[in-house]
Each structure stands twice: as C-alpha cells, then as structure tokens.
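Presented below is the structure to which this report refers.
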Amino acid sequence: MLLAIAFLVGIVIFIIAYLLINHFTQADLVISDRIKRLNANNSEPLDEYWENKLDKSLKERLLGPVIAIFGMNIKRITPAVVYAKLEREVEQCGNFQGRGMNGLLTYIVGVTLAMLALAFLYISTKNVSFFRAVVLLIGAIGVGIGFPILVVKLMIGERQEAIRLAMPDVLDLLCVSVEAGMGFDGAMGKVTSKMKGPLIEECERYQQELRVGVTRRNALLRLSDRCGIKEMQLFVAALIQAEKLGVGLAQVLEVQSENMRELRRQNARAMAAKLPTKILFPTLIFIFPVIFVVALGPPMVTIINSFMK
C-alpha cells in the first residue's frame with residue numbers, strides 16, 4: 001500500500017514539475033505569439049481578442065493551454081509515422097470531438113497512467129511474483145494505449161456510416177442546385193446551409209479551404225481523405241475527371257447520386273444476407289432453451305410424477 005501511495009505521489013510531483021518547466025520555457029514563445037497576433041494586419045482588435053478569450057469557459061481557459069503544451073511535447077517523442085497515422089485518424093473521427101490531436105495524446109497518457117496506478121496498487125496489495133508483475137505492467141501500458149485508439153476507431157466507423165447514408169441526399173441537392181444554374185461551390189454553400197451532419201461539416205471545411213487559397217482539386221482530395229470511404233473517393237475522382245475533360249457537372253452529379261443509392265441498396269442487401277448467421281448463435285443460446293423449458297417443462301413434470309408413483 002505504501003508503494004502505491006509513493007508511486008501516485010511521484011506521478012503528481014512529476015506532472016507538476018513538468019508543467020512548471022514547460023510554462024517557463026514556453027514563456028518566450030507565448031509572448032512572441034501574442035505580439036504576432038497584435039501586429040498582424042488581419043488580426044482582430046485587442047478588445048475583441050480578450051473578449052473572445054473571456055467568453056470561453058473556465059475549463060477551456062485553464063486546461064486548453066496545458067493540453068496544448070503537453071501534446072506538443074508528446075509529439076516530439078512520438079515517431080513521425082505513428083503520429084501521422086494518429087493525426088489522420090483524428091481527422092476522420094471528427095477531430096476527436098473538437099479536442100484535436102493534443103486531446104487524444106493527453107487522453108492516451110492519462111489512461112495509461114491510470115492503468116499503471118491500478119497495476120501498482122494490485123501488485124503492492126497482493127503477493128505477486130516478479131514475472132507476473134512485469135506482465136501486469138506491460139498489459140496496463142497496452143490497455144492504456146490501445147483503449148483510446150479503439151475509441152477513435154469506433155468513432156471513425158460511426159462517422160463514416162453517417163457520411164455514407166447522407167451522401168445520396170447531399171448529391172441530389174447538389175444536382176438540383178447545379179441544374180438551376182448555380183456553380184458547384186455555390187451549390188455546396190446551399191447544401192451546407194440546408195443540412196446538418198458529419199458530411200456537412202466536411203463540406204464546410206472544404207469551403208473554408210477554398211477561401212484560404214487551396215485549389216479545388218487539392219481541397220477535394222483532402223475531403224476524400226478525411227471521409228475515408230469508397231463512395232467519397234469515387235465521387236471526388238469523378239468530379240476531378242469531369243473538370244479535366246469539361247463534362248457537365250449536372251450530368252456527373254446525377255450519375256453519381258444514382259450510383260450512391262445503388263451502393264446503399266447493395267450494402268443493405270449484404271447486411272440482410274448476414275443477418276441469419278448473426279441471429280443463429282443468440283437464438284441457440286437465449287431463445288431455444290426458453291422454448292424447451294416452456295414446451296417440455298409441464299410434460300416432464302407429469303412424466304416424473306408418474307414414475308414416482
């Protein structure tokens with residue numbers, strides 16, 4: 001028990017020292033960043049800047065800078081390939097509910113420390129061999145790293161399914177708007193003003209990238225990469241090809257909308273075909289025993305009573 005308490009106290013002291021050191025070492029960077037904000041030609045006025053800062057909640061004002069500094073330092077020790085893969089998954093899951101990559105890294109470190117604390121507590125209270133203690137610590141680290149990544153993958157799956165279901169309706173509205181005489185970007189603005197959802201959020205981000213000077217081709221490719229589904233990749237490839245060959249967008253959007261609906265019907269048929277196999281084991285485990293008890297219970301009681309007599 002004393003070992004667990006000492007370990008927890010050590011973790012707290014380490015975190016406090018880490019934050020203090022980073023606070024003082026990053027002071028110059030914070031000051032230079034504020035000077036750049038104030039001297040920039042397109043920066044907001046000083047009163048509006050501080051008003052926007054004070055409009056944030058106390059949690060955002062206190063934890064936001066700490067998470068940002070913590071995530072920046074974790075990035076330095078994370079391999080570039082692993083960090084790039086995690087960053088791509090964070091974008092596909094919707095920026096991890098607005099927390100971003102820094103929030104995910106902080107979440108991973110927090111869960112890992114919590115699992116290590118539980119493992120040390122178990123080791124200190126039980127008579128555990130050295131080999132088993134090492135296995136428990138390695139397992140705690142694996143769970144602490146793997147659980148947040150699993151949560152991110154589940155969020156990606158839900159978001160991609162929502163995007164896949166919304167694509168035909170979005171393409172229909174785009175097609176109607178383009179046929180009415182609007183350009184593709186104007187039609188995209190009309191769609192984002194009329195609908196909501198993960199796909200609409202990505203379309204809004206696509207429009208923001210166009211406003212800051214990103215080419216349409218690169219913005220479409222980035223949109224496809226953020227969505228991460230086959231349907232969006234086919235749609236983006238068709239748009240880029242139509243723009244290169246000079247084909248009418250209305251015709252392309254109409255064909256793509258019909259293709260998306262056909263893909264959705266095929267996915268529904270595939271899910272329906274898998275349903276009997278998925279139902280088989282729950283039926284054998286939970287339903288058949290109850291049916292046997294209800295159907296054969298009374299006759300078995302009568303037969304047993306007859307033999308008893």
Side-chain angles (χ1 to χ4, degrees), residues 8 11-12 14-23 25-26 29-30 33 52-53 56-120 137-164 196-206 208-209 212 214 219 221-229 232-233:
L8 294 176
I11 290 177
V12 172
F14 171 76
I15 293 174
I16 294 174
Y18 179 83
L19 294 177
L20 289 175
I21 292 172
N22 278 282
H23 174 74
T25 56
Q26 297 295 327
L29 295 177
V30 173
D33 180 66
N52 294 332
K53 287 285 187 181
K56 296 180 179 179
S57 64
L58 181 63
K59 179 181 177 181
E60 293 177 346
R61 295 201 303 270
L62 292 179
L63 295 182
V66 174
I67 292 176
I69 295 173
F70 193 71
M72 184 175 60
N73 286 275
I74 293 295
K75 179 182 177 180
R76 296 175 181 173
I77 62 175
T78 305
V81 177
V82 176
Y83 188 87
K85 184 178 179 181
L86 286 177
E87 196 171 22
R88 185 170 181 269
E89 291 182 351
V90 167
E91 287 187 349
Q92 290 182 351
C93 76
N95 205 25
F96 199 59
Q97 296 181 350
R99 298 182 181 92
M101 190 63 188
N102 293 334
L104 175 61
L105 293 176
T106 306
Y107 185 49
I108 291 175
V109 173
V111 175
T112 304
L113 291 178
M115 296 305 299
L116 284 174
L118 291 176
F120 271 105
L137 293 176
I138 294 175
I141 295 174
V143 172
I145 296 175
F147 179 74
I149 295 176
L150 178 62
V151 171
V152 170
K153 290 187 180 298
L154 292 176
M155 293 171 64
I156 291 174
E158 293 180 358
R159 186 177 178 84
Q160 289 180 347
E161 186 63 25
I163 291 173
R164 188 176 289 111
K196 294 181 179 180
L199 181 56
I200 304 303
E201 294 175 0
E202 297 300 335
C203 291
E204 290 176 348
R205 187 169 175 180
Y206 161 79
Q208 293 173 358
E209 290 180 351
V212 298
V214 180
L221 291 175
R222 289 170 60 85
L223 173 65
S224 173
D225 188 62
R226 288 195 304 270
C227 293
I229 60 175
M232 181 59 74
Q233 294 173 358

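Although no hydrogens or angles enter the test, the distance criterion places a donor-acceptor pair under 3.5 Å between the side chain of Q92 and the main chain of D225. Using a distance-only test at 3.5 Å, with no hydrogens or angles considered, no donor-acceptor pair links the side chain of E87 to the main chain of M101.
Taking each heavy atom of V143 and P148 in turn, the nearest pair found is O-CD, 4.1 Å. Across all their heavy atoms, I156 and E89 have their closest contact at CD1-O, 3.5 Å. The minimum heavy-atom distance between C203 and L223, with the atom names listed, is N-CD1, 4.4 Å. Pairing each heavy atom of Q233 with each of S224, the nearest pair is CG-OG, 3.2 Å.
Taking CD of E91 as the reference point, atom SG of C227 lies at 11.0 Å (rounded to 0.5 Å). Between atom CD of residue E201 and atom CG of residue N95 there is a gap of 10.0 Å, rounded to the nearest 0.5 Å. From I200, atom CD1 reaches atom CD1 of I163 across 10.0 Å, with rounding to the nearest 0.5 Å. Taken to the nearest 0.5 Å, the CD atom of Q160 stands 10.5 Å off from the SG atom of C93.
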Would you check, one step at a time, whether the test side chain to side chain contact (heavy atoms under 4.5 Å, CB included) holds for F96 with M155? CA-CA 8 Å; F96 199 59; M155 293 171 64; 4.2 Å; yes
Name every donor-acceptor pair, under 3.5 Å, that has one atom in a side chain of residues 109-118 and the other anywhere in the protein, sequence neighbours excluded.
{"from": "T112", "atom 1": "OG1", "to": "I108", "atom 2": "O", "distance (Å)": "2.7"}
{"from": "T112", "atom 1": "OG1", "to": "G144", "atom 2": "O", "distance (Å)": "3.4"}

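For the pair E161 and R164, the salt-bridge criterion is met [side-chain N within less than 4.0 Å of a carboxylate O].
The only member of M232, R222, R159 that meets side-chain contact (heavy atoms from CB on, under 4.5 Å) when paired with E202 is R159.
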